[in-house]
Amino acid sequence: MNHPAPPRSFGCPLALIILASVAAPVPAHAHVKWFAPYIVGAPPQSIGATLTNVWFWTGIALVLAFFLASRAIEKSSAGETILLAMDRITDPLWKRLDDFVRVVIAAFFVAIFAVGGVYLTPDLKTPAEWVSWTQLLIAGLIFSRKTQPLAALGIIALWLLALRDYDVFHLLDYLALGVGVAAYLVLEASSNPEWRNHRFEALRWGVAIALMWSSLEKFAYPDWFYPLVQEKPFLTFGMPRDVFIPMAGVAEFTMGFGLIWTPLVRRCRPSLFSSSSTQPSIRSGEPT
């Protein structure tokens, strides 16, 4: 039996929005991890401390309630109407999704060029001016399929150069996302349809791993985030510091894990992460 077309996932556009929304730099000494001082050799918080934290379980309960409510709405007649309306509104974007992603990546590198004196993100400082011009060049290379692989190579090369000045633990925050974006650029430029069909999947995995890694740091090293929430209390939405950090970690991990595992994503995958003409149309409906 055919069902209404599955809802579209906004993971692909949001992936690059997340990439482009890296926060502005703040003063710090030597190394900064997510704009707060950190000590690589500091012992992580025990797993038991997380598992006995009531706010950790509160976050999980809220996530489960949200997923169940979303699924219930999706299966209702009102949900079908909402999804069809979303399809109509976002149809122009989905017809030009690759163009949208390329523009956002390029805009990000132009913004990094404008900041100046950084590798890939505002907190990876460098005195080398040529790095900024390289990132502007990467932005220009993105708009031609012939040069997109060179842009991808430039992204990986800048990550490796940053490794000279920053420790591996610091650079892990940017590994998965950087590799995901680079893989997207290479696959999108490929003339092989089978390879090209995986371009959004690579981007999705890069974003998912980056989100999950960042969330684990909130559980293992919550004290690293104390200076940030003290300096910018509006980030906590009025919640106490020790309530916000574990719940934010749960939310972040859930977003990443959901991108690579949930049934909703698996159901959408054939039509969302492929542009092959052999795949069913997202409007045609799929058997479940």
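Being a predicted model, the structure only gives us computed values, none of them experimental.
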Within a strict 4.5 Å, meaning less than it, do heavy atoms of the [X] and [Y] side chains meet?
| X | Y | value |
| --- | --- | --- |
| Phe200 | Val101 | yes |
| Asn192 | Leu187 | no |
| Phe109 | Leu120 | yes |
| Leu124 | Leu171 | yes |
| Lys218 | Pro246 | no |
| Pro240 | Val243 | yes |
| Phe219 | Leu216 | yes |

Checking [X] now: which residues fulfil side chain to side chain contact (heavy atoms under 4.5 Å, CB included) with it, not counting sequence neighbours?
| X | result |
| --- | --- |
| Phe113 | Ser132, Trp133, Leu136 |
| Leu68 | none |
| Leu161 | Tyr119, Trp130, Leu158, Arg164 |
| Ile60 | Phe56, Trp57, Leu64, Val250 |

For this session: Taking only Lys NZ, Arg NE, NH1 and NH2, and the carboxylate oxygens of Asp or Glu, determine whether Arg199 and Asp98 approach each other closer than 4.0 Å.
Result: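 A salt bridge links Arg199 with Asp98.
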Exercise. Salt bridge between Asp91 and Arg88, side-chain N to carboxylate O under 4.0 Å?
Worked result: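 Looking at Asp91 and Arg88, the cut-off is not met.
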Under 3.5 Å, side chain of [X] to main-chain N/O of [Y], donor-acceptor pair present?
| X | Y | result |
| --- | --- | --- |
| Gln135 | Val118 | yes |
| Ser190 | Val186 | no |
| Thr236 | Pro233 | yes |

For this session: For Ile89 and Pro92, work out which heavy atoms get closest and say how close.
Result: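 That closest heavy-atom pairing would be O-CD, 3.5 Å.
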For this session: Could you tell me whether Arg241 sits above the aromatic face of Tyr226, with NZ or CZ closer than 6.0 angstrom to the six-membered ring centre and within 45 degrees of the axis?
Result: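 Yes, Arg241 lies over the aromatic ring of Tyr226.
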Exercise. Side chain to side chain donor-acceptor pair (under 3.5 Å): which pairs involve residues 145-161, sequence neighbours left out?
Worked result: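 Pairs touching residues 145-161 that pass the test: Arg145-Glu188, Gln148-Glu188.
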For this session: Determine, step by step, whether Tyr166 and Lys125 satisfy the side-chain contact (heavy atoms from CB on, under 4.5 Å) criterion, reporting the C-alpha distance in whole Å, the side-chain angles of both residues, the deciding distance to 0.1 Å, and the verdict.
Result: CA-CA 9 Å; Tyr166 294 86; Lys125 305 291 186 180; 3.5 Å; yes
For this session: Would you mind listing every salt bridge (Lys or Arg N to Asp or Glu O under 4.0 Å) that reaches into residues 47-64, with sequence neighbours excluded?
Result: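 Matches after skipping sequence neighbours: none remain.
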